[in-house]
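Step one of this worksheet: look at the structure below.
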Amino acid sequence: MIRTETLRKKDISHFWHPYTDISSLEQSRFPVIEEAEGVYLIDTDGHRMLDGISSWWCMNLGHSQRDIIEAIRKQSGMLQNSITGGMSHTKIIQLSEKIAEIAPGDLTRVYYASDGACSVEAAMRISIQYWWNKGRPGKKRMISLSGGYHGDTLGCVGLGYISRFHESVEHVINKSITAESPHCFHCRYKRKPEDCELECFNSMKKAVTENSGSIAAVIVEPVCQGAVGMRIYPPGYIAKLRKLCDENDVLLILDEIAVGFGRSGRMFASELAGIVPDMMCIGKGLTGGTLPMSAVVASDKIYDAFRSDVETDRTFYHGHTYCGNPIAAAAACAAIDVYERDKVLENVEMLSKMLSEAFKRFRNIPGVYGSTALGCMSSLEISEENGGSGKALEIDETSRRKGLFIRPLGPVLYLWPPLVTGKMDMEKMLRIFEDSLIENLP
Ligand SMILES: Cc1ncc(COP(=O)(O)O)c(C=O)c1O
């Protein structure tokens with residue numbers, strides 16, 4: 001206890017936390033995690049807490065996954081870093097082949113970055129340079145969904161502007177054209193999933209058709225807009241979007257950073273829509289969440305547009321020091337093997353049923369506005385009349401006290417457990433989640 005207090009004091013003296021209000025942090029007795037194992041985070045007092053949000057949605061294979069740790073250990077002793085500009089190394093060759101094998105359709109060209117935001121930056125730049133290389137430099141703008149989240153670099157913020165977070169930088173960012181969010185909790189067309197006719201897609205259709213001459217690409221988070229509040233929406237939207245982009249000569253980028261690697265119930269969410277994007281951004285679950293590595297996976301059509309000839313240099317002059325880092329690559333190779341060997345998607349099927357049933361039930365708790373679930377993603381909203389965001393924070397606090405770590409997004413509470421969570425741990429998470437709702441709601 002004394003050790004934890006000392007650590008908290010040191011923490012607030014030096015560590016600048018992301019997405020954290022300083023005063024609230026200073027007044028809180030925030031957890032200090034020392035170890036983690038499977039679906040449990042273990043703090044400095046030895047308390048075990050279920051990781052209900054997979055540590056910002058990336059620890060898909062649970063914590064301290066043995067094969068990944070062993071791969072990192074082995075690679076650390078062989079090659080820690082080696083540049084990939086104009087040369088290569090064995091791990092990145094192995095990983096690129098693996099990604100090409102599991103990626104949908106003809107996505108076989110892998111460009112590496114570190115964080116998710118960097119892969120989105122790369123994808124945006126590839127799409128703009130693609131048209132430049134094709135002799136159409138006027139196609140340089142992006143279309144995204146209102147409420148979309150694609151990362152926190154200034155380029156990415158331009159894709160997902162939210163005034164509460166970004167007002168202070170509004171004057172320096174380049175905003176995309178935004179289309180209406182497919183916001184099923186608050187469907188403007190009063191539809192239920194059973195009779196949804198995707199009227200919200202008309203806004204995207206208008207944005208694309210009216211601006212196609214100046215648009216390089218549309219970028220969206222497929223089937224779930226995560227950070228804005230886990231807005232799960234029908235895969236049919238993505239299928240329609242593919243067709244629309246094709247008809248209007250616009251590239252389609254799917255940001256699978258959060259939903260890729262099994263979260264949606266398929267390896268990649270685009271599979272639910274039965275389509276292949278021109279580029280897909282991946283990150284988070286790529287290394288099983290262990291090390292920062294992200295990538296843009298592109299089709300030959302895109303890659304081939306970057307070949308120079310004697311007259312024209314079409315090279316993609318973009319890169320990061322750690323593009324294709326061997327230790328992260330080793331972790332990713334091991335993670336992909338585990339997804340396949342341990343049949344993680346079968347476990348997701350089991351979790352998906354449990355989450356869907358439970359969240360359907362939670363909808364009947366007074367104060368819960370709506371709920372939704374797909375694959376290993378589930379969320380519900382606390383109604384404004386019942387305290388909205390403030391109440392969600394109280395529920396969060398109760399849940400942590402009972403041993404389940406969640407972190408609401410405004411009035412939205414969600415469970416995104418590791419994809420390898422066992423039945424008993426899942427039952428425990430759902431029990432704590434439900435008890436915490438009931439304890440705090442009328
Ligand atoms: C859909 C999506 N895109 C991009 C990002 C940014 O990834 P990173 O935080 O690794 O930069 C996130 C992060 O949550 C995300 O959910």
Side-chain angles (χ1 to χ4, degrees), residues 16-20 51-60 111-127 142-162 165-166 173 176 178 181-182 217-233 237-238 241 252-264 268-270 272 277 279-297 320 322-323 325 328 331-332 335 374-377 379 406-410 412 414 416 418-419:
W16 192 336
H17 292 244
Y19 279 102
T20 304
D51 186 355
I53 62 165
S54 304
S55 292
W56 265 341
W57 329 334
C58 65
M59 300 305 295
N60 287 0
Y111 181 89
Y112 293 94
S114 37
D115 292 296
C118 297
S119 78
V120 172
E121 288 282 344
M124 274 196 277
R125 191 161 156 187
I126 291 171
S127 69
M142 312 293 296
I143 294 179
S144 57
L145 285 174
S146 164
Y149 179 76
H150 300 281
D152 279 336
T153 54
L154 291 179
C156 291
V157 164
L159 295 173
Y161 181 82
I162 296 173
F165 296 143
H166 305 137
I173 60 171
S176 60
T178 49
S181 165
V218 175
I219 180 166
V220 299
E221 298 155 83
V223 308
C224 179
Q225 289 190 277
V228 72
M230 299 305 170
R231 295 181 187 170
I232 294 170
Y233 64 93
Y237 188 101
I238 300 298
L241 183 56
L252 174 61
I253 305 169
L254 292 186
D255 177 349
E256 296 245 11
I257 289 161
V259 295
F261 291 98
R263 179 66 57 187
S264 72
F268 298 103
S270 60
L272 289 169
M279 280 180 265
M280 153 175 105
C281 294
I282 52 175
K284 293 191 190 268
L286 170 60
T287 60
T290 54
L291 288 173
M293 174 175 254
S294 62
V296 181
V297 195
H320 305 277
Y322 298 111
C323 265
N325 173 268
L374 174 74
C376 206
M377 312 181 276
S379 62
I406 49 172
R407 193 172 191 264
L409 294 162
V412 174
Y414 67 97
W416 274 44
L419 309 183

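When reading the values below, keep in mind they use all heavy atoms of this one structure, side chains included, and skip hydrogens, waters and symmetry mates. In each ligand, atom 1 is the first atom listed, and ligand 1 is the first ligand listed.
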- Task: Determine whether the side chain, the backbone, both or neither of Trp57 has a heavy atom under 4.0 Å from any heavy atom of ligand 1.
- Result: side chain
- Item | Heavy-atom protein contact below 4.0 Å for atom 9 (O) of ligand 1 | no
- Ranked by distance from atom 12 (C) of ligand 1, the top protein heavy atom is Tyr149 CE2, 3.5 Å
- Item | Check: Asp115 side chain, Ala117 main-chain N or O, donor-acceptor pair, under 3.5 Å | no
- Query: When you measure from the side chain of Glu221 to the backbone N and O of Val259, does any donor-acceptor pair fall under 3.5 Å?
  - Reply: no
- Query: Taking C-beta and beyond as the side chain, do Arg263 and Cys224 meet within less than 4.5 Å on heavy atoms?
  - Reply: no
- Short list, please: which atoms of ligand 1 are under 4.0 Å from a heavy atom of Asp255? 1 (C), 2 (C), 3 (N), 4 (C)
- Relative to the ring of Phe261, is the ring of Phe268 parallel (under 30°), tilted (30 to 60°) or perpendicular (over 60°)? perpendicular
- Item | Greater than 12 external heavy atoms within 6.0 Å of Tyr237's OH | yes
- Is Lys284 near ligand 1, meaning one of its heavy atoms is under 4.0 Å from it? yes
- Message: List ligand 1 atoms under 4.0 Å from Ala258, heavy atoms only on the residue side.
- Response: 16 (O)
- Heavy-atom contacts with Ala117 under 4.0 Å: which atoms of ligand 1 show up? List them by number with element. 6 (C), 7 (O), 8 (P), 11 (O)
- Taking atom types as modelled, find out whether Tyr19 and Trp56 have a side-chain donor-acceptor pair closer than 3.5 angstrom. no
- Message: Show the atoms of ligand 1 that are less than 4.0 angstrom away from any heavy atom in Gly116.
- Response: 7 (O), 8 (P), 10 (O), 11 (O)
